[in-house]
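Reading through the structure tokens given below for one structure.
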2 protein chains.
Amino acid sequence: MKERRSNADRSNATRHALLDAARELFLSEGFTAVGTPVLVKRVGLTRGALYHHFADKQALFLAVVEEEAARIAVEIEDGSAGAGSSLDALIQGANAYFRAMEIPGRVRLMLLDGPAVLGPDEMRRIDRETGGRELRHGLAEVMRRDGDDPEVEMLADLVSAMFDRAVLARDVSTGPGDYREMVAAVLKKLVREGK
Amino acid sequence: MKERRSNADRSNATRHALLDAARELFLSEGFTAVGTPVLVKRVGLTRGALYHHFADKQALFLAVVEEEAARIAVEIEDGSAGAGSSLDALIQGANAYFRAMEIPGRVRLMLLDGPAVLGPDEMRRIDRETGGRELRHGLAEVMRRDGDDPEVEMLADLVSAMFDRAVLARDVSTGPGDYREMVAAVLKKLVREGK
DNA sequence: TTTCATACATACAGCCTGTATGTTAATATG
DNA sequence: CATATTAACATACAGGCTGTATGTATGAAA
């Protein structure tokens with residue numbers, strides 16, 4: 001019997017199928033290592049379908065990274081929700097971020113391939129709209145400053161860089177001990193006073 | 001008339017010619033964008049020569065990155081030499097690093113392509129042997145701690161992450177104002193007390 | 001019902017990487 | 001000094017991948 005589906009349904013279905021397969025492969029093998037032939041074969045489609053839905057391989061990758069960033073942001077939000085003080089919310093959010101980045105392949109996807117393939121300004125844009133927002137607001141609250149204060153924004157950026165480096169260091173585990181305590185200590189020192 | 005050179009001389013000459021061309025191209029176009037055919041054509045050789053001297057494209061890239069890291073380390077050393085206090089040396093070293101990263105293409109080479117292509121552990125190794133050493137020692141001196149203290153090492157790593165993010169932010173200039181002052185302020189806060 | 005657009009498949013052209021093989025000149029050996 | 005061997009490169013080959021152009025069938029629209 002033949003399936004009879006609307007065009008919109010078909011599009012959405014294959015789009016998501018492609019995205020799911022792409023996510024899985026990019027996570028497990030990295031951007032350059034996964035070729036479009038194997039990608040589409042996994043879904044049972046052809047490269048024609050892929051290039052009909054996405055401009056090129058990079059556009060597909062961008063969609064995957066954006067989706068992953070959104071997931072991570074949700075995990076941070078969930079992890080920091082219901083904290084006592086605003087400083088606690090910050091620390092718990094940081095820990096949630098560390099946990100989120102334990103998902104295999106996420107470090108490479110978000111911190112290595114992403115910046116190299118999409119460029120730092122695109123990654124910054126994505127971060128600002130997802131996980132970075134949490135950090136910025138949390139920091140602003142602790143410091144009793146406005147969230148749009150450029151100084152707060154810069155500080156949030158620098159702090160997020162430390163988070164990422166800590167995550168990276170643990171991922172390869174070739175450095176010294178536990179970065180999380182050190183990050184927490186640094187964080188406390190930084191927000192101790194308003195300026 | 002025929003040139004008559006020793007094998008060792010020939011090897012060294014072509015090796016450096018390849019490295020120079022690779023450096024120039026990787027700096028101006030990035031790792032993936034430069035193909036080996038155009039690379040060798042620029043030197044007047046063939047791909048055979050390249051693959052005789054380097055295992056693969058990645059090995060050539062590694063050599064370029066290591067060389068560049070060494071250059072940057074020298075520039076930092078020169079920039080921080082002859083500083084008054086040890087804190088001044090730290091600040092001047094940071095400024096020297098910022099200046100060093102103004103060379104076009106260096107940001108992409110060292111902070112984007114490098115980590116993505118060589119991996120974070122390899123980049124960490126290179127950094128430890130070059131620029132990172134300066135920072136670690138400078139930090140240890142300011143804090144009156146031992147340079148091999150793992151806590152100092154971790155802190156140096158985190159601080160270097162902030163430097164890199166600041167450099168990246170300025171490179172794309174899509175963020176808020178001047179990160180250098182913010183980095184300096186953060187640095188002063190961090191080293192204020194021993195622990 | 002006919003016309004048009006959408007969703008996909010097929011086929012093609014170009015490029016790149018890594019390897020295998022050939023050639024010439026330098027070096028080692030007897 | 002003659003010869004054997006190795007090093008330095010060039011040439012040629014075998015995949016593999018990306019992006020585009022073209023073809024086809026099905027849903028939507030007129």
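Per chain, numbering begins at 1; letters A, B, ... match sequence-line order.
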Fill in: Check: B/Arg47 side chain, C/dG18 base, donor-acceptor under 3.5 Å
yes

Side-chain N or O of [X] less than 4.0 angstrom from OP1 or OP2 on [N]?
X       : N      : value
B/Thr14 : D/dC9  : yes
B/Arg10 : C/dA25 : no
A/His52 : C/dA7  : yes
B/Thr36 : C/dT17 : yes

Of all the nucleotides listed ([options]), which has the minimum atom distance to the side chain of [X]?
X       : options                : answer
A/Tyr51 : C/dT27, D/dT18, D/dA10 : D/dT18
A/Pro37 : D/dC17, C/dA9, D/dC9   : D/dC17
A/Lys57 : D/dG19, D/dC9, C/dA9   : D/dG19
B/His53 : D/dC9, C/dG18, D/dG19  : D/dC9
B/Ser11 : C/dT19, C/dC8, D/dC9   : D/dC9

Worksheet item: Salt bridge or not for A/Asp9 and A/Arg5, using N-O below 4.0 Å?
Response: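 No, A/Asp9 and A/Arg5 are not salt-bridged.
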
Practice prompt. Answer with base, sugar-phosphate or nothing: what part of the nucleic acid does B/Val40 contact at a heavy-atom distance below 4.0 Å?
Written response: nothing

